[in-house]
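Read through the structure below, which is laid out as structure tokens, and then see the notes.
In this text the structure is predicted, and so the values were computed from the model without any measurement.
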Amino acid sequence: MIKIYEKLIVSSSPHIRSNESVQSIMLDVLIALFPAALMAVLLFGYRALITMVLAVGTAMIVEALWLRKRDVFSDGSAAVTGLLLAMTLPAAAPWWLTVVGSASAIIIGKQVFGGIGYNIFNPALVGRAILVVSWGGHMAGDIWPSPQPFAFGADVSAVTGATVLSVPEKAVMLSLPEMFIGNMAGCLGETSGLALLIGGIWLVYKGHIDLRIPVGFIGTIFLLGLVLGGGFYGNHLMTGLFHVLAGGVMLGAIYMATDLVTTPVTPNGRLIFGIGCGLITMAVRFWGTYPEGVTYAILIMNAFTPIIDNFTIPQRFGEVNESA
Amino acid sequence: MKESNVYVQDLSRGIIKENPVFRLLLGMCPVLGVTAFLINGLGMGLAATAVLIASNVVVASLKNFIPAQVRIPIFIVIIATFVTIIEMVLQAFQPALYDALGVFVPLIVVNCMILGRAEAFASKKPILRSLLDGIGVGIGFTLALGILSLVREVFGQGTILGPEPESSIHLFGEAFEPMGLFAQPPGAFIALGLLLAINNIIFKKYNL
Amino acid sequence: MAKAKFAGGIHPEYMKESTSSLDIVQMPPPQKVVIPMQQHIGAPCELVTEVKKIEKGAEVKVGQKIGDHEGFVSSPIHSSVSGTVTDIGLYNHPMGTKVTAVTIESDGRDEWDENIKPQGDLNDLSAEEIRKIAREAGIVGLGGATFPAHVKLSPPSDKPIDVVIINGAECEPYLTADHRVMLEKSEEIVYGLKAMIKALGAEKGIIGVEDNKPDALQSMEELVSEEENITVCPLNTKYPQGAEKMLIYAATGRKVPPGALPLEVGVVNHNVGTSVALSEAIREGKPLIERVLTVTGAAVNKPSNLKVRIGTLASDVIDFSGGLNESLHKLIMGGPMMGLAQPGADVPIIKGTSGILALTADDAYLIESSPCIRCSKCVSACPVQLLPTSIAQASEHGDYKRAEKLYALDCFECGCCSYVCPSKIPLVQWIRIGKAEIMNRKRK
């Protein structure tokens, strides 16, 4: 009888924990990205598959080397970073671009800050920003392959052009439903709003992302597009929708701006974060030199995260607003 | 401590132990501004070294005549004099380098590394020791700029000894697409940060 | 009544099935009881002269007062067996400390003190008399907080109380003692509630029961259908529904301001067990010498709901419920969310012990925590809308000023944040450290 009590664990309450872990959350994010990844392969063929495998593989290996760990998958955050980076690359990206981008995402974007939980900026977007700054010729301009649905073996890099955002007024040749499904030029993962939305619903269902960020982000884009978009596409409503579906808004709003580590933790802070992302994105689209601003919008807002958190400490239960 | 040891220390301190860039983070403005090419970095380093040595010697020899209350303006005047001389020399004999360094040459006047040595060392120590200190710190500064600009040029341009076509050597062949990030200002920050990290690792390992 | 919902909270696995249908079993008085002099919030009791004088060897009877304190916020302590005092000294306490305790060897006769007699009809008792009965019977909050009941029944005159809430939420997983009390002692609960209403001059009573106990809800509802000022309020099944402020919000829609007591919004609440104890104290004159608790967990051979004398050693209670099996890894006094892990079973049952929980390696293990990934699941789970991760971080870095600015003192340590944390950070532990340090500095 005495023997039983020898190995008792004495620890602070609570004594039961939920089954959720960092790894399970990252697995859920990977599952959520699956529809978009599948869509990328359907639209852009084997080049898309190679890019994604390379990015994920490099990210996991670089992180394992950096941390001197055998467990390559580990908590899964490197795989998520790698896949998210791949989603932002053009289908025609050369192999070394993917590898360098993925490695710098992990090293400069994440590990130099102290690894998971400590990075200030979204690692995948840091990787992308480094690539855009370093090799603009591969990352922007008339380099976007047109999708060739269901032609897995086709080398899509043969025919390239600009994205719809470069010349929005000419984009009317694309119908909005077509854009929603993803049949347009662009990064691997950004084209299909439908696939991204399916993954987003899964993440919301699992409780991993807060609707405030994507709603604030997409809502701001839609409203600004509606008011300032110039009303091509026949009417203002359609222009607003165009701005939501074009470029990386859906990908950014659902997967990048909701990155757990680099976004505010307070409910109001998240709404502010989302709206801020939307404002900066549209500012870049309307008045900037780049056709698209989602990357920089999110990175800039990442830098504001601590201050947003500090100013949006929520009201406690039962607290009454006293106007002093 | 033997007398000669003091001189050796004065000379070596600024190179490694109190390297102005990697240890003290002084004079960051030219460090980030002109290190896109190795030649520019070294040129900047040498120009600053020359000013530093000269100002150290002059400050040390005048230290008994400088009233404490107005010492900083006087240091600045001394430094500015030598900067003007260096600027004219560069303009006369190295016009290409002069153009590349641009505004960073006159800015040596307010380089806190030089002012710092004048204030912390030369104004209190004998002339010979101040001379050795100026040489040591200057070497340390030039070394740091050299390393940083080498990294930035190799990754950012794929060359060394650029940008003049006759002297530049392509390291990886013409097909290499350099990582433009390192050629740009943000890249300077990132490269410097990474070098500082490596530097810290080394210092920790050898307990310097 | 409509079910009001508080924001936050969690839905752990309730694990109540193994004991929720078992009748309360009266455990016979044990050979030996150890009765600590501190079983309540407030001033610890001093030994009454009679026991003190004779010290070891004093003869006591069941229900005889052995400890008391003249302070208002305190509650007397009674012997729970008849027999001889064999030792007075420091003994293990469930809180993890050692406190002065009286060890009494039972003579097996279970003779009751002759002063114990019914206190008369409720209609004839004045509010003051009811408070006195509650105090003399040593009644404290049996939900776990052990706040002296008579203090709660004596609100300051400028704070009128209009609602008394009986807490039958029992939101802690595993525990079923309150559930069984509501089924088997429902009449006493209502009687006790009436006494409380009378003592406070309140207008109505509400009995709040989580809707995962439909049988208890039904039995209470049947009983109060005749009463015009007592209602039964079904509550959402969500932890921590039984927490004072959450319960009051759910039952009345009133929000207790931060740092304030429920009487600030005209509410007093008591646990179902407290209500039963008050009823017994009035109708039988019986002081609080026993309580109902749940012995459960995968390492217990025969899970049960027991009525146990205060001061019975946990090891005796465990033996009575069939002992433990070898897979035991953690022994907890109380529920899994807020209970206290014990280093052994040589610790007495006190008035606030709502259960003994024996967990196996499946549930009890030391978890290594990883860095916070700022998922903010703790923020969503916090029923008081704090930022647990930020408070814990400030506390971890020794920045107690910031912890206080983030309202660390409003945390009531329900454990929701630690429960949901995917990085398995012991958030509550860090917050507790922060709270203790903030209080320390305030005292200086």
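- Neither the backbone nor the side chain of C/L357 comes within contact range of chain A; no heavy atom of the residue lies under 4.5 Å from a heavy atom of that chain.
- Residue pairs meeting the salt bridge (Lys or Arg N to Asp or Glu O under 4.0 Å) criterion with at least one member in residues 296-318 of chain A, sequence neighbours excluded: A/D309-C/R374, A/R316-A/E319, A/R316-C/D410.
- Of the residues considered (C/K330, C/Q385, C/K255), C/K330 shows the highest number of contacts with chain A, using heavy-atom pairs under 4.5 Å.
- Inspection of non-hydrogen atoms places no residue of residues 61-70 of chain A under 4.5 Å from chain C.
- Pairing each heavy atom of A/F121 with each of A/V126, the nearest pair is CB-CG2, 3.5 Å.
- Residues that satisfy the side chain to side chain donor-acceptor pair (under 3.5 Å) test with A/H208, not counting sequence neighbours, are A/D28, C/K377.
- Here C/S327 pairs with C/N325 under the side chain to side chain donor-acceptor pair (under 3.5 Å) rule; sequence neighbours left out.
- Side-chain atoms of C/K424 come within 3.5 Å of backbone N or O of A/E20 as a donor-acceptor pair.
- Using modelled atom types, one side-chain atom of A/S18 and one backbone atom of C/Y419 make a donor-acceptor pair closer than 3.5 Å.
- With a 4.5 angstrom heavy-atom cutoff, C/S423 touches chain A via backbone and side-chain atoms both.
- No other option in A/S13, A/S12, A/S21 has as many heavy-atom pairs under 4.5 Å with chain C as A/S13.
- You'll find the ring centres of C/Y249 and A/F317 inside the 6.0 Å limit.
- Looking at A/I9, the atoms closer than 4.5 Å to chain C (heavy atoms on both sides) sit in the backbone and in the side chain alike.
- Between A/G199 and A/Y255 the shortest heavy-atom distance is CA-OH, 3.2 Å.
- With chain A as the partner, the residue from C/P257, C/P426, C/C375 showing the most heavy-atom pairs under 4.5 Å is C/C375.
- For A/F311, the CZ atom sits in a loose shell: 12 or fewer heavy atoms of surrounding residues, nucleotides or ligands are nearer than 6.0 Å.
- Within the 4.5 angstrom heavy-atom criterion, only side-chain atoms of C/I332, from C-beta onward, approach chain A.
- With a 4.5 angstrom heavy-atom cutoff, A/T258 does not touch chain C via any of its atoms.
- Looking only at heavy-atom pairs under 4.5 Å with chain A, the residue among C/P371, C/C416, C/P258, C/A299 that has the most is C/P258.
- Interface residue A/P267: only side-chain heavy atoms are found under 4.5 Å from chain C.
- Heavy-atom distances place the side chain of C/R432, and not its backbone, under 4.5 Å from chain A.
- Heavy atoms closer than 4.5 Å to chain A are found nowhere in C/I10, neither backbone nor side chain.
- Interface residue A/T305: only side-chain heavy atoms are found under 4.5 Å from chain C.
- The neighbour count for C/I367 CD1, taken as heavy atoms of other residues, nucleotides or ligands under 6.0 Å away, is above 12.
- Closest approach of A/L196 to A/L251, counting heavy atoms only: CD1-N, 3.5 Å.
- Counting heavy atoms of neighbouring residues, nucleotides and ligands inside a 6.0 Å radius, atom CD of C/E13 does not exceed 12 of them.
- At a 4.5 Å heavy-atom cutoff, the contact between C/V384 and chain A is made by backbone and side-chain atoms alike.
- C/L387 touches chain A through its side chain: at least one heavy atom from C-beta onward sits under 4.5 Å away, while N, CA, C and O do not.
- Put simply, the side chain of A/Q23 gets close to the backbone of A/S74: a donor and an acceptor are under 3.5 Å apart.
- If you measure heavy-atom distances from C/P173 to chain A, the contacts under 4.5 Å come from the side chain alone.
- Of the possible donor and acceptor atoms, none in the side chain of C/N92 sits under 3.5 Å from a partner among the backbone N and O of C/V347.
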